[in-house]
Amino acid sequence: EVQLQASGGGLVQTGGSLTLSCVASGFNVDDYAIGWFRQAPGKEREGVSCFSRKDGSTFYTDSVKGRFTISSDSAKNTVYLQMNTLNPGDTGIYYCAVALGQVSSGRTWYKDSDEYNFWGQGTLVTVSS
């Protein structure tokens, strides 16, 4: 059974850091693309980052480039999202998801939630000003 367990959210001040974890089971994170999304109150879910060790591709949405880093630990079957220099605009529920099928081409497919098959339950990140 495919499962994703996201954790690591919390309350942090502007400029602070958090590391989110996404523990996978039922599949190997080395074999598929894992994405992180977030949803701020009253806004649509937004694709933040994606990592695929299989083809070495990494994606970041413009607003987090240079601040967020996605990585994985094969031994722990876990994908991480290191978030630095956080600001109130980063507040939201963060979800990890896996794309088990063939994904679309291009540089923006990772932002499309329809590309992903399974989702974690979400972890709340709140950045205070």
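FYI, side chains are in, hydrogens and waters are out, and symmetry mates aren't considered; it's all heavy atoms of this structure. The structure displayed is predicted, hence computed values, not measured ones.
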Counting C-beta onward and ignoring hydrogens, is there a side-chain heavy-atom pair between [X] and [Y] closer than 4.5 Å?
| X | Y | answer |
| --- | --- | --- |
| Gln82 | Ser71 | no |
| Phe27 | Leu4 | yes |
| Lys76 | Ser21 | no |
| Leu81 | Ser49 | yes |
| Asn77 | Asn28 | yes |
| Pro88 | Thr14 | yes |
| Gln121 | Gln5 | yes |
| Val127 | Met83 | no |

Looking only at heavy atoms, which two atoms of [X] and [Y] are closest? And how far apart?
| X | Y | result |
| --- | --- | --- |
| Val2 | Gly26 | CG2-O, 4.1 Å |
| Val29 | Thr78 | CG2-N, 4.2 Å |
| Ala6 | Cys96 | CB-SG, 4.0 Å |
| Ser17 | Val12 | N-CG2, 3.9 Å |
| Gln102 | Glu115 | O-OE1, 4.3 Å |
| Lys111 | Thr61 | NZ-OG1, 3.4 Å |

Worksheet entry | Verdict with reasoning, Tyr60 to Ile70, per side chain to side chain contact (heavy atoms under 4.5 Å, CB included) | CA-CA 9 Å; Tyr60 297 99; Ile70 192 169; 3.5 Å; yes
Discussion item. Is it true that, when you exclude Gln13 itself, more than 12 heavy atoms of the residues, nucleotides or ligands shown sit nearer than 6.0 Å to its CD?
Written reply: no
Worksheet item: According to a 4.5 Å side-chain heavy-atom criterion applied to Ile, Leu, Val, Met, Phe, Trp and Tyr, with indirect links allowed, do Ile34 and Leu100 form part of one hydrophobic cluster?
Response: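 Yes, one cluster joins them.
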Practice prompt. Decide whether Leu86 and Val48 are clustered together by the hydrophobic rule: side chain heavy atoms of Ile, Leu, Val, Met, Phe, Trp, Tyr closer than 4.5 Å, transitively.
Written response: yes
At what distance, to the nearest 0.5 angstrom, does [atom1] of [X] lie from [atom2] of [Y]?
| X | Y | atom1 | atom2 | value |
| --- | --- | --- | --- | --- |
| Phe51 | Thr58 | CZ | OG1 | 5.5 Å |
| Ser128 | Asn87 | OG | CG | 11.5 Å |
| Arg38 | Ser63 | CZ | OG | 4.5 Å |
| Ser105 | Arg107 | OG | CZ | 11.5 Å |

Item to complete: Using side chain to side chain donor-acceptor pair (under 3.5 Å) as the criterion, point out the one residue from Asp90, Thr85, Asn84 that pairs with Arg67.
Response: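 Single pass found, and it is Asp90.
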Worksheet item: Does Phe37 sit in a hydrophobic cluster with other residues, and if so which ones, taking ILVMFWY side chains as linked at heavy-atom separations under 4.5 Å, directly or through other members?
Response: Phe59, Ile93, Tyr95, Val103, Trp109, Tyr110, Tyr116, Trp119, Leu124
